[in-house]
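Step one of this worksheet: look at the structure below.
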Amino acid sequence: MCGIVGYIGNKQAAPILLGGLEKLEYRGYDSAGIAILDGEKITMEKTKGRLKVLSDKIHGGEDLKGTIGIGHTRWATHGAPSDINSHPHLSRNGRIALVHNGIIENYLQIKALLESEGYTFVSDTDTEVVSHLIDYYYNGNMIDAIIKAIHRIEGSYAFGIISVDHPGELFAVRKSSPLIVGLGNGENYIASDIPAILSHTRDVYFLEDNEIVWIKGADVKVLDVYKHEVKKEVFHVDWDVSAAEKGGYEHFMIKEIMEQPKAIEDTVCPRIQGGNIVLDDIKLTKEQINSLKKIYIIGCGSAYHVGVVGKYVIEKLTRIPVEVELASEFRYRDPIVGKGDLVIIISQSGETADSLAALREAKVRGARVLSVVNVVGSSISRESDDVLYTWAGPEISVATTKAYSTQLQAMYLIALHIGINNGKISEEEKEHYLAEIQTIPSKVGKIIEDVAPLQNYASKKYGSKDIFFLGRGLDYCVALEGSLKLKEISYIHSEAYAAGELKHGPISLIEDGTLVIALATQDSLFEKLLSNIKEVKARGATVFAIAQEGNTEIEKEADFVVYIPKIDNLFAPSLTVVPLQLFSYYVAVNKGCDVDKPRNLAKSVTVE
Ligand code: F6R
C-alpha cells in the first residue's frame, strides 16, 4: 500500500511525479503529496483526497519548480487521512523530506527518544519519526545517517529522501516494501512499481532488502549497509505501456476482465509442448515430486480462493493431501510443515506482507517453496525456490480478475505436472486434460462476447441489500470468489456458502426477494444443487443460476440463468468466475461506485 515515486534529472520534476503517482494510485488513494528540491530549498504540497485534488492545487505541477523530487500516494495506516498526515514528512528544521511505504513498528519508542532530545511532532504518523531520526543521526553524511536510521527502525519500508544539504542528490532504501530504480538517459527514477516510470524508461533495478540507492546527478549507486557498492543487473521491461492504460474502457476492471482469454492463453499455452507440460522454471525433480508428503497452498483474499480450487484440483490429480491456508493464519500458528512438504504461495503482486511472511516461515522450517506470482522480480518471486509466473500483464484494478484467472491455470499446470510425474495421471487422461485446458481461452472469450444479459440483470439487482452465493464442490470454491468480488466493489453485503451447509444455519437469512446466486456447473452435484435452489425458492429467494450449456432443467427453478460452454468439470471454475466478475462490475457501476478504487482497499497489501 502507498505508492512512492522520485525523479532526478534536468526536467521539471513535479509534473513527472504527478504522472508517476497517477499510475500508483491503485496502491492507495486517500491523500497525496510531493516535495521538490530546488537548489537549497524544499517546496512541498500535500493534501487529503485523491491525487487530482493535489494536481489541481499545484496546477499540474507548474507551481513547484525544481528538477529533483519525491511523491507519495497514501493508504492510511497510522493517523487518519488528513493534510498533515499526508506524505512527504519533513525533519524538524525542514532540511530533509521523506516519503514512506510500509509500517514502522517501533515508532513510539523512537518518538519517545526523539522527544527527549527536543524534537516535536506535527502528525500522527509512524513515518514522521524517520525524517527526524535521519536528521538526528545526520552529521554531514546522508548515507551514514540513513544506515544508522534503518538499524534503529523495525518494520517495513521503502523510503524516498531528499535533503537541502545535498542539492543534487536523491536517496532511497527499502526493506519488505517494493522499490525499483528506473534508469534513464541523464535522468533517473525511483518508484514502488514499474507502471509509474514506464513512459520514461524500461530499464530498472529491483532492490533487495536494505540496499541503499544514492543518485547524484546522473550517477546511480546501490550500496549495502556496509557502504560497499552492489553490482545490480539491469532488468529490461518488455511489456507495452498500453498494458497499464485503460485503452478506451471506462475502468481497468472491465478491461482486465476482457483481457482474460489472452492472459490465460499466455499463461498456459507456452507451457504445453509436444503433448507435455513443460515448466522450465520449476526445478523440482521427479524424485522430489515422488517423495512429496503434503502440499500447502497459501495466499490472501482472492489468491487464497484460488488455493481453495487448487486443493480440489491437486488432490484429485495427484492424490497428495493438500491444505489451503490464509497466509495471515499460517504465519502465526506454528504449522506442522517441513522437509518433504511443498508450499505453494500465490500472489499477484508478489509483495503481500502476510504471504511473504508465510513463505519465510515455510522456508525456515525446511519446506520447498514454489510461488505463483504475476509481478516479475517481486519479493515473493525472488525468495522462492521455484516460481511459476502468471502472464496476466499488469493488473491495475484493485479487484483482481485476470490475475485470479491465470492463477487458476497455474493450479492446473502444477497439478498436471505433479500428477504426470508421480504416475497418478494416465496417458489417456493426460491427453484429455491437456486438450481441455487449451479450450479455456476461447470459452472465456465466448462468455465475454455478450455481456448484455448480465449488464441488464445487474441494472435490476443493484439495489439488493444482501446477496448469497451457493455452490458445491468446485462451485463452492468459485462462490467464495464471486462473493468477495461483489462486496469489495459494490459494498453490498454478501456471503458464500457450501450449499450443503444451508440447512445448518444460513437458510434463516433467506426472505422474500433475497437474491441467491447458485452455481450449478458440476454434473455429479447438479441434482443436489437443484434441491438447494428449490429450498431457497420456497423461502422467497430470487435465484440467478450459472450452469453448463445443455442443463436447461435449471430454468424450471431459477429466475435468471447464464450458461457457460461445456467443459470438463475440473476446469469449470475458469469459466464460472467470469459471469460473476461481470455481474459484480455492472452492479458496482450501476451503484456509481469507484470500481477501480474501492473504498478502504489498496492493491498491494504490503502491511500486515
Ligand atoms: C480481491 C483482491 C485481494 C488480493 C489479495 C492478495 O479482489 O485483489 O483479495 O487477492 O490482497 O493480493 P496478492 O495476490 O497481490 O498477494
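Counting starts at 1 for both ligands and their atoms, in listed order. Keep in mind that this is a model prediction, so the values were computed, not measured. Numbering starts at 1 and runs along the sequence shown.
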List ligand 1 atoms under 4.0 Å from [X], heavy atoms only on the residue side.
X      : answer
Ser347 : 13 (P), 14 (O), 15 (O), 16 (O)
Ser349 : 13 (P), 15 (O), 16 (O)
Gly301 : 9 (O)

Among all the protein's non-hydrogen atoms, which is closest to [atom], and how far away is it?
atom                    : answer
atom 14 (O) of ligand 1 : Gln348 N, 2.6 Å
atom 11 (O) of ligand 1 : Val605 CG2, 4.0 Å
atom 7 (O) of ligand 1  : Glu488 OE2, 2.5 Å
atom 3 (C) of ligand 1  : Ser302 N, 4.0 Å
atom 13 (P) of ligand 1 : Thr352 OG1, 3.2 Å
atom 6 (C) of ligand 1  : Cys300 O, 3.3 Å

SB check [X] [Y] (cutoff 4.0 Å):
X      : Y      : result
Lys402 : Glu395 : no
Arg368 : Asp386 : yes
Glu25  : Lys597 : yes
Arg174 : Asp209 : yes

Next item on the list: Go through the structure and list residues passing side chain to side chain donor-acceptor pair (under 3.5 Å) with Ser494, not counting sequence neighbours.
Entry: Ser483
Checklist line | Contacts of type side chain to side chain donor-acceptor pair (under 3.5 Å), residue Lys460, not counting sequence neighbours | finding: none
Checklist line | side chain to side chain contact (heavy atoms under 4.5 Å, CB included) evaluation trace for Val444 with Ser405 | finding: CA-CA 10 Å; Val444 170; Ser405 289; over 6 Å; no
Margin query: Side chain or backbone, does Thr400 bring an N or O within less than 3.5 Å of an N or O on ligand 1?
Written below: yes
Note to self: With nothing but distance in play, are any N or O atoms of Ala399 less than 3.5 Å from an N or O of ligand 1?
What the structure shows: no
Check: Applying a 4.0 Å heavy-atom criterion (strictly less than), which segment of Lys485 is in contact with ligand 1: side chain, backbone, both, or neither?
Finding: side chain
Notebook entry, point to check: Counting heavy atoms only, which part of Asn374 comes closer than 4.0 Å to ligand 1: side chain, backbone, both or neither?
Noted result: neither
Notebook entry, point to check: Pick one: which of Arg50, Arg599, His251 meets side-chain hydrogen bond (donor to acceptor under 3.5 Å, both in side chains) with Asp594?
Noted result: Arg50
Notebook entry, point to check: Is the number of heavy atoms from other residues, nucleotides or ligands under 6.0 Å of Lys283 NZ greater than 12?
Noted result: yes
